[in-house]
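Hydrogens, waters and symmetry mates are skipped; everything else that's a heavy atom, side chains included, is used. Since the model is a prediction, treat every value here as computed from it, not as a measurement.
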Amino acid sequence: MEKRLFELIIMVKKKCVRTEETIREKLGLSPGEFHGLLAIQPGEKLPGLEFAERMDFSASRASRIINRLVNKGYMILKPAQADRRSIETALTPEGEKMRAVLYKEMSECEKRITSQLKDEDVEEIKNALMKLTGVM
């Protein structure tokens, strides 16, 4: 019996989640911390609400993640220049290093996948995934 698209997405998701868990455990990061480090670029100053939006979390959930990242020394908080009542987040040099390690780990996983495929297949898959994310 042919798999439905939704079933295939679930299968891929499960494999990706297992890989993410392995990377997180290796680096000692919670799911929120992992995604928080990916939500902000090195050198970027991001308002707390925008950080929450990028992660698709409530402001209070994002605030807890920010606090954990601050406590681990990966992020700093400063009052926003435009509005002193709001905060800006930024990665510390240590946070930038951890983010680079995350990308290195993700790249190694991606290489394991793409090494088994032709270049044109990789491009076709990327295009299909972009289409999928656009319509979901």
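Counting all heavy atoms, side chain and backbone alike, Met55 lies closest to Ala39 at CG-CB, 3.8 Å.
With salt bridges taken as basic N to acidic carboxylate O contacts below 4.0 Å, none links Glu108 and Arg112.
Under a hydrophobic clustering in which Ile, Leu, Val, Met, Phe, Trp and Tyr are joined whenever their side-chain heavy atoms come within less than 4.5 Å, directly or via other members, Ile113 and Val17 fall into different clusters. Transitive grouping of hydrophobic side chains (ILVMFWY, heavy atoms separated by less than 4.5 Å) brings Met75 and Phe57 into a common cluster. Taking hydrophobic clusters as Ile, Leu, Val, Met, Phe, Trp and Tyr residues chained together by side-chain heavy-atom distances below 4.5 Å, Met136 does not share a cluster with Phe6. Residues Leu27 and Phe34 are members of one and the same hydrophobic cluster, defined by side-chain heavy-atom contacts under 4.5 angstrom among Ile, Leu, Val, Met, Phe, Trp and Tyr.
Counting only heavy atoms from C-beta outward, the side chains of Tyr103 and Leu38 approach each other to under 4.5 Å. Side-chain contact check for Ile125 versus Leu129: some heavy-atom pair is nearer than 4.5 Å. When side chains are defined from C-beta on, Ile23 counts as touching Met106, because their heavy atoms get closer than 4.5 Å. Between Lys126 and Glu123 there is a side-chain heavy-atom pair separated by less than 4.5 Å. Looking at heavy atoms from C-beta onward, Glu2 lies out of side-chain contact with Glu7 at the 4.5 angstrom threshold. Two residues are said to be in side-chain contact when any heavy atoms from C-beta on lie closer than 4.5 Å; Thr19 and Glu105 fail this criterion.
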Atom pairs and distances, donor-acceptor, side-chain atoms in residues 61-70, under 3.5 Å, two or more places apart:
unit_1, atom_1, unit_2, atom_2, d
Asn67, ND2, Ser63, O, 3.3
Arg68, NE, Glu33, OE2, 3.4
Arg68, NH2, Ser30, OG, 3.2

Which pairs would a plain distance check flag for residues 88-101, meaning a side-chain donor or acceptor within less than 3.5 Å of a matching protein atom at least two apart in sequence or in another chain?
unit_1, atom_1, unit_2, atom_2, d
Thr89, OG1, Leu46, O, 2.9
Thr92, OG1, Gly73, O, 2.5
Thr92, OG1, Tyr74, O, 3.4
Thr92, OG1, Glu94, N, 3.3
Thr92, OG1, Gly95, N, 2.9
Glu96, OE2, Gly43, N, 3.3
Arg99, NE, Leu37, O, 2.9
Arg99, NE, Ile40, O, 2.7

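Counting heavy atoms of neighbouring residues, nucleotides and ligands inside a 6.0 Å radius, atom CG of Asn127 exceeds 12 of them. The 12-atom threshold is not exceeded at NZ of Lys45, counting heavy atoms of other residues, nucleotides or ligands nearer than 6.0 Å. For Asn71, the CG atom sits in a packed shell: over 12 heavy atoms of surrounding residues, nucleotides or ligands are nearer than 6.0 Å. Counting non-hydrogen atoms of neighbouring residues, nucleotides and ligands closer than 6.0 angstrom, the CG atom of Leu49 reaches no more than 12 such neighbours.
Under the rule for a side chain to side chain contact (heavy atoms under 4.5 Å, CB included), Lys131 has no partner lying at least two apart in sequence or in another chain.
From Ile9, atom CD1 reaches atom CZ of Arg4 across 11.0 Å, with rounding to the nearest 0.5 Å. Distance check, rounded to the nearest 0.5 Å: CD of Glu20 to SG of Cys109 gives 11.0 Å.
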Exercise for review: With side-chain contact (heavy atoms from CB on, under 4.5 Å) as the test, would you mind laying out the steps for Lys3 and Met11 before giving the verdict?
Suggested key: CA-CA 10 Å; Lys3 297 267 186 209; Met11 289 170 62; 3.9 Å; yes
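Using modelled atom types, one side-chain atom of Glu44 and one backbone atom of Gln41 make a donor-acceptor pair closer than 3.5 Å.
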